[in-house]
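Here the structure comes first, spelled out in structure tokens, and everything after it is commentary.
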Amino acid sequence: MVNHIIMGKLSLHILVFLFMASLACHAEEVTFSASAPSSVGVGERFRLTFTLNARPDHFDAPVIDGFRVISGPSQSSSTSTQIINNQVTTTVSFSYTYVLEAREEGDHLIQPATVHVDGKDYSTETIRITVDASAGPGPQRTPSKSLEEPGERDKPAAEDIFIRAIASNANPYRGEQCIISYKLYTRLPVTNYSIERLPGFQGLWSENITRSGQPGVYSEVVNGISYNVAEIRRVAVFPQRTGKIRIDPMEVELAVRMRATRPQRPGSLFDEFFGGSPFDRFQTVSHHVQSNVLTLNVLPLPEQNRPDNFSGIVGTFNMEARLSHKELAVNDAANLVITIDGRGNLNMVEPPELQFPQHLDVFDPQRSDNIRTGSDGISGNREFDHVIIPRSGGKAEIPSIRFTYFDPNLEEYVIRTAGPFELYVDGDHLADNARHGMLAGDRYMADDIRFIHTHSVSWQPAGKLFFKSTPFYILLGAPAVLLLLFLVIWKRHQHMIEDKAGLRIRRARKVASRRLKSAAASLKQGKKEPFFDEIFKALWGYVSDRLNIPVSQLSKENVAAAFRSKQVPDSLAKSFLDGLQECEFARFAPKGMESPMEETYNKAMDTIVTLENELRNQQRTKS
């Protein structure tokens with residue numbers, strides 16, 4: 001009973017203490033400030049810190065132009081409580097810190113950041129930072145010293161996170177399919193990644209076979225250390241020349257969640273109770289990694305026993321052929337369908353050479369493909385449909401069909417055959433030959449006998465000549481006019497072909513519209529991952545084509561710089577970049593934390609339409 005009374009009094013004292021502390025906190029005036037060096041050098045890293053003396057409801061970061069964001073915002077907080085003469089004084093401090101790198105010389109403005117506290121908005125002042133050409137430290141460049149603190153300068157070690165490029169076969173034959181896999185090995189949490197640069201695959205025909213959606217994660221032990229592994233890209237390549245082919249590294253930018261090593265300020269039990277934040281000891285760090293260099297030693301195809309009809313196809317294939325009718329009448333049609341299926345570069349397969357009898361009319365084959373890309377590479381089948389029409393009766397024999405390829409597993413040439421086929425045509429051989437203008441021995445009548453002229457003859461009045469008449473001069477000058485017109489059209493066409501940047505600009509909105517239609521279909525079906533993937537690709541693809549930014553140079557900093565050069569309003573640029581950020585978050589966020597799909601779709605469409613109208617209006621103004 002006594003213990004209950006003591007505990008009750010203690011609880012009452014704690015509640016009174018908390019109430020008085022909250023009154024003291026709210027009585028203090030809210031201040032929100034930003035600090036950064038006024039002058040830095042190109043390539044120098046420094047800290048941008050936003051400090052608040054109250055607990056915020058949310059923090060709206062500014063758009064940072066002209067600087068590369070190395071890490072941040074890293075959130076930290078501290079609380080100090082004092083009791084003097086029964087007066088409780090509590091001081092709360094929240095800070096958001098960016099580590100930035102100066103990239104462009106000149107004066108740059110960092111716009112105000114905004115926080116929401118107890119229903120009111122508070123903003124910082126605009127900060128002006130001068131970036132000099134020299135990167136040496138100056139009198140005002142104190143951030144370089146602060147960056148030496150372990151909590152700011154720590155980066156993942158090389159053995160903590162890396163990318164491996166692995167080839168399924170380091171010694172393929174020329175034309176043989178080889179799978180290149182890029183795997184991310186990490187011992188740290190990765191919240192996001194973006195491929196900054198893709199290999200060029202010089203001397204290789206390549207096809208991206210990466211699975212859509214988020215990559216699967218599994219565990220693998222390397223040198224006695226357990227890693228989480230995710231395959232972030234998979235490519236099927238086909239060597240087009242022999243010898244050594246170098247595959248350059250793939251570069252990836254990662255957002256890594258790390259434990260901050262900055263020592264915590266010692267304090268009392270009240271500091272831990274009032275100000276403790278579970279996020280103070282972690283920070284998100286931007287980390288750049290690249291894969292290893294791969295070298296393929298491409299072997300030449302053997303010269304020995306190479307068939308004459310070999311066309312360079314390498315892989316594993318089967319062939320079958322079927323004739324739709326074995327018996328038919330003269331002038332009826334039959335179909336000879338040749339199907340080649342297997343695993344290899346089916347896009348290079350051409351129809352086998354066939355020798356048909358002369359009294360069979362054969363049209364060019366119609367091609368149909370069923371080619372699939374999967375984790376094991378490219379496979380499927382390709383069909384060639386020949387339409388055959390007999391022009392005389394009797395028996396026609398279609399010789400055997402031969403398809404030759406090189407099998408790298410057997411290391412030898414393989415010949416697949418089908419046929420021969422016999423076609424029985426109902427009709428009199430001589431009568432049908434005569435009816436279609438043929439004689440025995442497959443000779444045409446028109447080569448031996450001229451037929452009587454039976455159609456009407458056009459007569460012309462005597463003394464009226466076509467020579468030197470008006471139609472004569474028109475026809476005489478027509479070739480020169482047509483030639484001039486052709487040259488003008490051809491020159492314009494060549495200019496349009498060479499103007500690749502203009503072509504990308506003209507097709508930017510069409511490509512984005514197709515992506516948005518695909519996203520709308522995923523929206524109706526409730527498929528979240530395909531939806532956000534299409535929205536992300538629509539925004540990136542549009543800005544890449546419209547602003548003529550190569551895919552290898554796509555980054556938020558480059559897009560922001562391109563917007564400034566095009567004089568795009570800051571609000572519109574911020575809306576576009578926010579859309580990208582929202583899609584990136586939705587693609588990698590845990591389930592239940594995704595953004596509303598319909599709102600994201602409408603925002604992406606409005607942003608693209610508004611940006612397109614703005615750029616067109618600027619183009620009209622300049623012209």
Side-chain angles (χ1 to χ4, degrees), residues 28-54 56 59-78 91-117 121-155 260 262 265 280 283-286 288 555-565 567-571 573-574 577-578 581:
E28 185 177 0
E29 182 181 358
V30 176
T31 59
F32 185 38
S33 61
S35 62
S38 59
S39 177
V40 295
V42 174
E44 183 178 352
R45 296 185 178 183
F46 62 95
R47 285 194 306 169
L48 169 64
T49 304
F50 299 95
T51 305
L52 177 68
N53 67 340
F59 169 75
D60 292 333
V63 176
I64 301 176
D65 295 329
F67 302 95
R68 180 185 178 190
V69 179
I70 303 300
S71 64
S74 301
Q75 177 183 341
S76 63
S77 64
S78 64
T91 303
V92 180
S93 177
F94 283 80
S95 64
Y96 301 87
T97 303
Y98 289 86
V99 177
L100 306 179
E101 179 180 327
R103 303 183 66 178
E104 300 177 5
E105 184 180 354
D107 291 334
H108 300 276
L109 296 179
I110 296 181
Q111 300 300 323
T114 304
V115 293
H116 190 74
V117 180
D121 290 334
Y122 299 88
S123 300
T124 61
E125 299 291 336
T126 301
I127 299 179
R128 179 183 297 274
I129 300 177
T130 302
V131 179
D132 301 328
S134 60
Q140 298 178 341
R141 294 172 189 164
T142 57
S144 60
K145 180 179 178 181
S146 66
L147 290 179
E148 295 298 325
E149 299 177 11
E152 298 295 340
R153 61 178 173 81
D154 282 358
K155 288 286 185 179
R262 180 186 299 176
R265 180 181 59 82
D280 290 349
Q283 60 182 350
T284 300
V285 178
S286 178
H288 185 84
S555 66
K556 293 180 181 178
E557 292 82 4
N558 291 341
V559 171
F563 281 155
R564 290 195 303 273
S565 66
Q567 298 181 352
V568 175
D570 293 340
S571 60
K574 183 177 183 301
L577 296 174
D578 289 345
Q581 185 70 23

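FYI, the numbering just counts along the sequence from 1.
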To check you understand the geometry: which heavy-atom pair defines the closest contact between [X] and [Y], and what is its length?
| X | Y | answer |
| --- | --- | --- |
| Ala54 | Phe94 | O-CD1, 3.3 Å |
| Glu104 | Ala561 | OE2-CB, 4.4 Å |
| His108 | Phe67 | CB-CE1, 3.7 Å |
| Ala102 | Val131 | CB-CG1, 3.8 Å |
| Ala34 | Ile127 | CB-CD1, 3.3 Å |

Quick one: side-chain contact (heavy atoms from CB on, under 4.5 Å) partners of [X], sequence neighbours excluded?
| X | result |
| --- | --- |
| Thr31 | Asn53 |
| Thr126 | Leu109, Gln111, Pro112 |
| Glu125 | none |

Distance check, rounded to the nearest 0.5 Å: Ile110 atom CD1 versus Arg128 atom CZ?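 That separation rounds to 11.5 Å.
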
What's the spacing between Leu52 CG and Ser93 OG if we round to 0.5 Å?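 It comes to 8.0 Å.
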
For the side chain of Thr49 and the backbone of Ser35, is there at least one donor-acceptor N/O pair under 3.5 Å apart?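 It does not hold such a pair.
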
side-chain hydrogen bond (donor to acceptor under 3.5 Å, both in side chains) involving Thr51 - partner list, sequence neighbours excluded: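 Thr51 satisfies side-chain hydrogen bond (donor to acceptor under 3.5 Å, both in side chains) with no residue once adjacent residues are dropped.
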
For Thr114, what residues pass the side-chain hydrogen bond (donor to acceptor under 3.5 Å, both in side chains) criterion, not counting sequence neighbours?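 Ser123.
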
With Phe50 via ring-ring contact (aromatic ring centres under 6.0 Å, His included) - residues at least two apart: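 Once residues adjacent in sequence are excluded, the partners of Phe50 under the ring-ring contact (aromatic ring centres under 6.0 Å, His included) criterion are Phe59.
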
Contact check, side chains of Ile64 and Leu48, non-hydrogen atoms, under 4.5 Å: yes

Knowing that exactly one of Thr130, Asp132, Ile129 qualifies, which makes a side-chain contact (heavy atoms from CB on, under 4.5 Å) with Val40?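 Passing option: Ile129.
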
